[in-house]
Amino acid sequence: MKEAEFLNSREAPDGEETSLQDKKPAGSINSQPVPAVTVPNWVLNSSSLNVVFNTNAESQLQELQIEKNSIVDVLKADPRSVYLRTKYGSQIYTFRLGQHTVTCKFDDQNTTVTVLQIRDVENFQDFTGEGCSSAE
């Protein structure tokens, strides 16, 4: 049998797959008690960070016409990996949001993150030397 014939040989379910003897009354399907649901500590202990913008970042928000809430929502959830949070703690962190890069500084002891600057990706590449060709 060819693969195409095999794939097309199955019929759509039509309700006749089980016999009437296999069916249970509606009330007896979940007759066993439901076990207690436990939530992991890392979910319960997740904290929300306070997000602060310095004056430079505030002016860049207006200049680039970016919604402040989009950055706040990302940073409140702490986008850093567990490794970065535990190994390096309060560090400068940069992430990309659409066509912009956001640079911020985390202060883990005060559960605060300060947005330092917001740049277009093009400007950020020029700043870091990426995407520039060197004249020889």
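When reading the values below, keep in mind they use all heavy atoms of this one structure, side chains included, and skip hydrogens, waters and symmetry mates.
- Between the side chain of Lys105 and the backbone N or O of Ser90, at least one donor-acceptor pair lies under 3.5 Å.
- In this model, no donor atom of one side chain and acceptor atom of the other lie less than 3.5 Å apart for Thr94 and Thr101.
- Note on Asp78 versus Arg85: salt bridge recorded, some NZ/NE/NH1/NH2 to OD/OE distance being below 4.0 Å.
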- Task: Start with the C-alpha distance between Ile92 and Phe106, add both sets of side-chain angles, then the distance that settles side chain to side chain contact (heavy atoms under 4.5 Å, CB included), and finish with yes or no.
- Result: CA-CA 6 Å; Ile92 291 181; Phe106 283 89; over 6 Å; no
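- Using a 4.5 Å heavy-atom cutoff, the side chains of Lys68 and Val72 are in contact.
- Counting only heavy atoms from C-beta outward, the side chains of His100 and Asp120 approach each other to under 4.5 Å.
- Between Ile71 and Asp73 the shortest side-chain heavy-atom distance does not fall below 4.5 Å.
- Side-chain contact between Val102 and Val115: present, with at least one pair of heavy atoms (C-beta onward) separated by less than 4.5 Å.
- Side-chain contact between Leu97 and Ser70 is present, with at least one heavy-atom pair separated by less than 4.5 Å.
- Residues Val82 and Phe95 do not share a hydrophobic cluster, defined by chaining ILVMFWY side chains whose heavy atoms lie under 4.5 Å apart.
- Here the closest non-hydrogen pair linking Asn56 and Ser59 is O-OG, 2.8 Å.
- Taking the ring pair (Phe, Tyr, Trp, His ring centres under 6.0 Å) definition, one finds that Phe53 meets it with nothing, sequence neighbours left out.
- Under the 4.5 Å side-chain heavy-atom criterion for grouping Ile, Leu, Val, Met, Phe, Trp and Tyr, Leu84 is not connected to Leu116 through any hydrophobic cluster.
- A salt bridge links Arg80 with Asp108: the distance from a Lys NZ or Arg NE/NH1/NH2 to an Asp or Glu carboxylate oxygen falls below 4.0 Å.
- Considering Val51, Leu75, Val52 as possible partners of Thr112, the one that fulfils the side-chain contact (heavy atoms from CB on, under 4.5 Å) test is Val52.
- One hydrophobic cluster, built from ILVMFWY side chains closer than 4.5 Å, holds both Leu49 and Val74.
- A donor-acceptor pair under 3.5 Å is absent between the side-chain atoms of Gln117 and the main chain of Thr103, judged by distance alone.
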- Chi angles and distances behind the side chain to side chain contact (heavy atoms under 4.5 Å, CB included) call for Ile66, Ile118: CA-CA 9 Å; Ile66 302 171; Ile118 306 159; 3.4 Å; yes
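- Taking OH from Tyr93 and OG from Ser81, the interatomic distance works out to 7.5 Å, rounded to the nearest 0.5 Å.
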